[in-house]
Amino acid sequence: AFPKHVRIVEVGARDGLQNEATVSTADKVALINALAGAGIKDIEAGAFVSPKWVPQMADSNAVINALDLSTVNLSALTPNLRGAEAAQQAGIKEFAIFTAASEAFCQKNINCSIDESIDRFKEVMAFAKTHNIRVRGYVSCVLGCPYQGEVDINEVLKVAQRLLQLGCYEISLGDTIGVGTAQKVDQLLELLLQHIDKSKLAVHFHDTYGQALTNIYSALNRGIATVDSAVAGLGGCPYAKGASGNVATEDVVYLLQGLGIEHGIDLERLAKAGWAICSALNKQPVSKVSLALKNT
Ligand code: HMG
Ligand code: MG
């Protein structure tokens, strides 16, 4: 059955902007404030990763310092202890650690094996615990990998369980390159839900093949109540060539509205936030809903 309420985790300022042309710190701050103003409560604000790997996120500290942390839940990627320390210093109360269900992708993305990534995360988790910070875990490539192709759903289960054992409060299932289809989503969730409570799972779908909304529908149907999305469909993945951005938040909100599922977001203000950041990027939103609203 569908959930009554869906929590949107807005990842446009991180997953989106990490793969767009660099925008100014002021534009990022304005984006996050506009998203909060539209009613979004959970916002991934940046990444404390190596600036050599992802230069677009190099100003995450400045971005977060310019924000009011009391009204929204701001999170940030923390790939290692160094990133965690920097995020904590900035005032972040939720970390996100990230690994993959594919060895090849893990190597390209964070330069280590899945096993090694789990070892790195142990330090991050211990640090988070002493500072009362909750930690979200991402598993990438749950429906396919740009390097190895098919990914075994049993691998997804294994990695998700390892992250939960480390102490993550939630696992976000990433279709990093957007190759999944609805039936595969259903099969994956059928397996995972035999072992993991639905309240601990989120879906994070990229829209490369235009399947993200259908895939989200499939997940909602299994009771999943947390959905990651990016305003205006920003972004892609620097380590997954050809992958397009996350599903657009505007499109997800419109879907939820149609299904009578609560979300707490003002669609018009959200769309405006999308147009503003797209104007800074000199492009149009990749959201059919946003384009349609503009023309009505
Ligand atoms: P490494 O090269 O294996 O490790 O990087 P290292 O410890 O040897 O560090 C290399 C350099 O980075 C050194 O600098 C370190 O000081 C520096 P140098 O000596 O060369 O000048 N460094 C750092 N700088 C800032 N902050 C840090 C940090 N750590 C080391 N925290 C590392 C390992 C993980 C750091 C690197 O591989 C990295 O930063 N990767 C980032 C990858 C990334 O951000 N990917 C995109 C996000 S994941 C994603 O998009 C998927 C997701 O959306 C879900 C989905 O769609 O599936 C989440
Ligand atoms: Mg992603």
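Read the numbers this way: they start at 1 and go in the same order the structure lists the ligands and their atoms.
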Below 4.0 Å from ligand 1: does a non-hydrogen atom of R14 turn up there or not? yes
Angle subtended at the Mg ion (ligand 2) by H206 NE2 and H204 NE2, rounded to 10 degrees: 90°
Any N, O or S atom of D228 closer than 2.8 Å to the Mg ion (ligand 2): no
Ignoring hydrogens, just give me the one of [options] whose non-hydrogen atom is nearest [atom].
| atom | options | result |
| --- | --- | --- |
| atom 32 (C) of ligand 1 | V142, I110, L173, N61 | I110 |
| atom 38 (C) of ligand 1 | F205, Y138, W53 | W53 |
| atom 53 (O) of ligand 1 | D15, T99, N80 | D15 |
| atom 34 (C) of ligand 1 | H204, R120, H206, R136 | R120 |
| atom 48 (S) of ligand 1 | T78, L81, N109 | N109 |
| atom 44 (O) of ligand 1 | I177, I97, V54 | V54 |

Do any N/O atoms on G83 end up under 3.5 angstrom from N/O atoms on ligand 1? yes
Polar-atom distance check: V49 versus ligand 1, any N or O pair below 3.5 Å? yes
Please state which part of [X] comes within less than 4.0 Å of ligand 1, counting heavy atoms only: side chain, backbone, both or neither.
| X | answer |
| --- | --- |
| T176 | both |
| M57 | neither |
| S140 | both |

The Mg ion (ligand 2) has as its nearest N, O or S atom from D15 the atom OD2
Using modelled atom types and a 3.5 Å cut-off, is there a donor and acceptor pairing between side-chain atoms of [X] and backbone atoms of [Y]?
| X | Y | result |
| --- | --- | --- |
| N73 | K41 | no |
| E250 | A232 | yes |
| E10 | V231 | yes |
| D175 | L143 | no |
| T176 | C141 | yes |
| Q56 | E20 | yes |
| E155 | D152 | no |
| N19 | D15 | no |

Any ion pair linking [Y] and [X] (charged N to carboxylate O, less than 4.0 Å)?
| X | Y | answer |
| --- | --- | --- |
| D42 | R136 | no |
| R222 | D186 | yes |
| R82 | E85 | no |

Proximal atoms of ligand 1 relative to [X] (non-hydrogen, under 4.0 Å):
| X | answer |
| --- | --- |
| L77 | 47 (C) |
| N111 | 1 (P), 2 (O), 3 (O) |
| P51 | 24 (N), 25 (C) |
| P79 | 34 (C) |
| G174 | 57 (O) |

Is the closest side-chain heavy-atom distance between I118 and L163 below 4.5 Å? yes
